[in-house]
Amino acid sequence: MPAVNDYLPFVVSGVVAGSLLGLAAVGLVLSFRTSGLFNFAHGAIAAAGAYVFYELKEIRGLSWPLAALLVLAVFAPAMGLLLERMAAGLHGVRAVYRIVATVGLLLVVQGLAAVRFGPATIPLNPFLPQGTVKIAGTFVSYEQLIGFGIAVVGVVGLLALFRFTKTGLRMRAVVDNPQLLSYEGDNPTSVRRGAWVISSVFACATGLLLAPSLGLDTVVLALLVVQAFGAAAVGRFGSIGATFVGGIAIGVASTLSAKFIGEHLPNSPFWAGIPDVAPFLVLFALLVVTPARKFFDVPGSNRTATGRAVTPRLHWEAVLALAVVAMLVPVFVDTSLSVWTTAASLVVVFLGLGLMVWTSGQVSLAHAAFAAIGAAAMSQFLDAGLPWGLALAAAGLIAVPVAVAVALPTLRLSGLYLALATFAFAVLLQQLVYPTQAMFGGGFRAVARPEISLFGLDLAGDRGYYYLCLSMAALAAATVFGVQRARLGRLLQANAESADAVAANGGDTTTIRTAVFCIAGFLASIGGALASGVTLQASSRGYGYTVGLTWVAVLALFGSRATVIRATAAAYALAVMPTQIHLDPGWYTAIFGAAAVAASLLSDRQFDLTRGWDRGRVASRLRRREFLPPRPVARPARAEVRA
């Protein structure tokens with residue numbers, strides 16, 4: 001019995017925490033099943049509800065019941081209605097744009113919260129009754145009991161709604177056959193709207209219940225609610241009951257593993273992170289082992305970019321002009337040259353990411369993790385005495401087996417589920433491996449620049465290192481261009497449109513998908529290694545899981561083709577623009593997020609910030625408006641009459 005009594009408090013704590021996790025997951029699954037849009041911003045909605053509660057209670061002076069009522073009855077439904085409109089606008093678009101839209105919303109919430117309340121964590125005073133009660137020999141706080149009760153009542157009420165009411169019947173019908181539902185005189189949009197409102201209410205309720213113990217922090221709250229992804233995977237992204245039970249099971253497993261590791265492995269950074277990433281371990285494992293047919297089929301498009309945004313000649317003219325401008329940057333820039341060097345290294349990263357997302361149609365959210373691998377490996381290889389060039393090559397190559405290890409288990413996955421698997425991998429690497437000596441060791445690692453001169457230019461200096469990174473970006477661009485024009489590039493595009501058709505014609509889809517993972521991982525690792533030389537140190541800062549989300553969102557702003565111009569534009573927007581326009585960093589985050597949402601909503605109209613500069617198209621528009629004389633019509637030659 002003593003052993004049972006020792007573990008019982010952890011079980012109780014796990015049940016309470018898991019019930020809140022399950023509550024958030026149930027709301028996520030409900031909106032996903034009724035609309036087909038998986039909300040990566042679910043945690044951000046929870047954080048936004050907590051911030052609004054803080055604004056009303058602590059700053060405006062409202063009583064906590066009234067503030068909570070306004071959050072759950074006004075703010076949460078308003079967010080639900082907004083999300084339903086977003087989901088309707090994203091119906092049928094490519095998976096990457098459905099992901100980017102909700103990631104953009106996440107960035108908007110994080111940016112606006114930072115502008116209004118600052119980046120620091122804000123403590124929130126407890127508002128629920130304090131005190132404890134003894135249950136089965138274990139003291140349980142009133143807060144825990146109330147949180148557990150709210151979660152159970154919410155989920156049971158939703159199950160009852162599904163089973164015993166006409167509204168619930170309509171929600172089930174809109175999943176199975178929305179067209180048939182419309183034939184019966186019901187509006188599927190109204191049903192989806194109700195589902196999104198319930199989902200947002202559940203998310204905001206979770207945020208209110210978690211905020212007093214965690215504090216107000218969009219990153220912390222969003223990550224904790226994002227753990228609901230694991231519970232959703234237990235329910236195969238469809239079963240509400242299994243999702244809630246899965247959340248409780250994950251919560252109990254997390255608290256029990258924390259006790260066990262604290263007692264038996266107290267000094268291991270790797271094992272100490274296991275309790276926090278248990279939901280992502282479950283998410284990755286279930287995505288890998290569960291047959292794809294068991295998951296909810298997400299409607300959408302697998303089409304890749306077709307047509308040509310610009311003529312070939314104009315494209316090469318633009319590339320040449322871009323190269324000239326890049327070569328002249330050190331002439332006009334002095335103190336901020338390091339920012340441009342960072343942008344040059346990011347061009348390498350975005351070229352690989354664009355090849356994977358746009359050419360091969362595979363959405364990876366783990367690109368920042370591969371860049372972190374390159375930064376850490378570069379430092380360690382230099383410490384081992386390798387020459388700089390050899391260390392850079394080794395830093396890129398070491399990412400290849402990691403890319404294979406990620407690609408092979410996820411071969412059956414595509415679209416959203418591949419994105420979730422790579423997202424789980426990024427979180428696992430950040431929480432478990434970043435703090436170990438295998439990577440950053442919880443601190444900083446020194447990174448040296450090459451101590452040589454080339455053409456009279458010292459590569460260890462700021463100007464010389466800029467040109468070195470620019471040369472590596474040009475080499476990466478040539479590599480991506482060669483891949484796209486080679487047979488592999490054509491196979492990647494065909495595999496994106498129909499992997500079954502490629503396999504039916506004798507193509508090896510396993511090799512194709514693994515190859516693009518390896519190329520993208522290699523380039524990301526090279527980019528991370530180059531970026532570490534800018535600051536002369538490598539650290540985990542700047543390579544968190546949210547960075548990978550941001551990179552995909554920023555890349556999506558500049559069109560759906562993996563080209564040098566678009567990769568350069570994305571790198572410039574991310575690295576250089578914030579230093580040229582002096583705004584609060586929160587505003588940049590919010591602006592990038594809003595632009596990502598807009599680009600996703602307009603993607604079915606082939607929205608592209610760099611599109612439309614085709615000379616022939618522009619001239620045609622001018623002629624239609626009579627700004628140019630009409631093009632002469634060539635008359636066909638008279639046919640020769642033969643006897």
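Values below: every heavy atom of this structure, side chains too, minus hydrogens, waters and symmetry copies.
Using modelled atom types, no side-chain atom of Thr102 and backbone atom of Ala41 make a donor-acceptor pair closer than 3.5 Å. Here the side chain of Ser525 pairs no donor or acceptor atom with the backbone of Gly521 at under 3.5 angstrom. Between the Arg60 side chain and the Glu55 main chain, no donor and acceptor come within less than 3.5 Å of each other. Of the possible donor and acceptor atoms, one in the side chain of Arg98 sits under 3.5 Å from a partner among the backbone N and O of Val93. The backbone N or O of Ala375 lies less than 3.5 Å from no partner atom in the side chain of Ser379, so there is not a single donor-acceptor pair. Looking only at distances, a side-chain donor or acceptor of Thr410 sits under 3.5 Å from a matching main-chain atom of Ala407. Here the side chain of Gln430 pairs a donor or acceptor atom with the backbone of Tyr545 at under 3.5 angstrom. Between the side chain of Thr34 and the backbone N or O of Leu30, at least one donor-acceptor pair lies under 3.5 Å. Checked by atom type and distance alone, the side chain of Tyr465 pairs as donor or acceptor with a backbone atom of Leu530 at under 3.5 Å. At least one donor-acceptor pair under 3.5 Å links the side chain of Thr436 to the backbone N or O of Val433.
Annotation for Ala278 and Ser254: closest pair CB-OG, 3.4 Å, computed over non-hydrogen atoms. The shortest non-hydrogen separation linking Val109 to Ala44 is CG1-O, 3.5 Å. For Val71 against Cys204, the heavy-atom pair with the smallest separation is CG1-CB, 4.1 Å. Nearest heavy-atom pair across Ser532 and Ala538 is CB-CB, 4.1 Å. Nearest heavy-atom pair, Ala524 versus His367, reported as atom, atom and distance to 0.1 Å: CB-NE2, 3.6 Å. Heavy atoms only, all atoms of each residue included: Pro330 and Arg463 are closest at O-NH2, 3.1 Å.
In this structure, Tyr543 has its ring center no closer than 6.0 Å to that of Tyr434. The six-membered or imidazole ring of Trp64 lies away from that of Phe53, with a centre-to-centre distance of 6.0 Å or more. The six-membered or imidazole ring of Phe370 lies away from that of Trp551, with a centre-to-centre distance of 6.0 Å or more.
With Phe229 as reference, Phe38 is the one residue of Phe237, Phe284, Phe32, Phe38 to meet the ring pair (Phe, Tyr, Trp, His ring centres under 6.0 Å) rule. No option in Leu337, Val339, Thr342, Val447 other than Thr342 meets the side chain to side chain contact (heavy atoms under 4.5 Å, CB included) test with Val534.
The side-chain contact (heavy atoms from CB on, under 4.5 Å) check on Ala590 picks up Leu112, with sequence neighbours excluded. With sequence neighbours excluded, the residues forming a salt bridge (charged side-chain N to carboxylate O under 4.0 Å, His left out) with Asp462 are Arg449, listed by chain and number.
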Q: Would you sort out whether Val347 and Tyr572 count as a side-chain contact (heavy atoms from CB on, under 4.5 Å), showing the intermediate values?
A: CA-CA 8 Å; Val347 170; Tyr572 172 85; over 6 Å; no

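The aromatic rings of Tyr54 and Phe117 sit perpendicular, their planes meeting at an angle over 60°, well past the 30° parallel limit.
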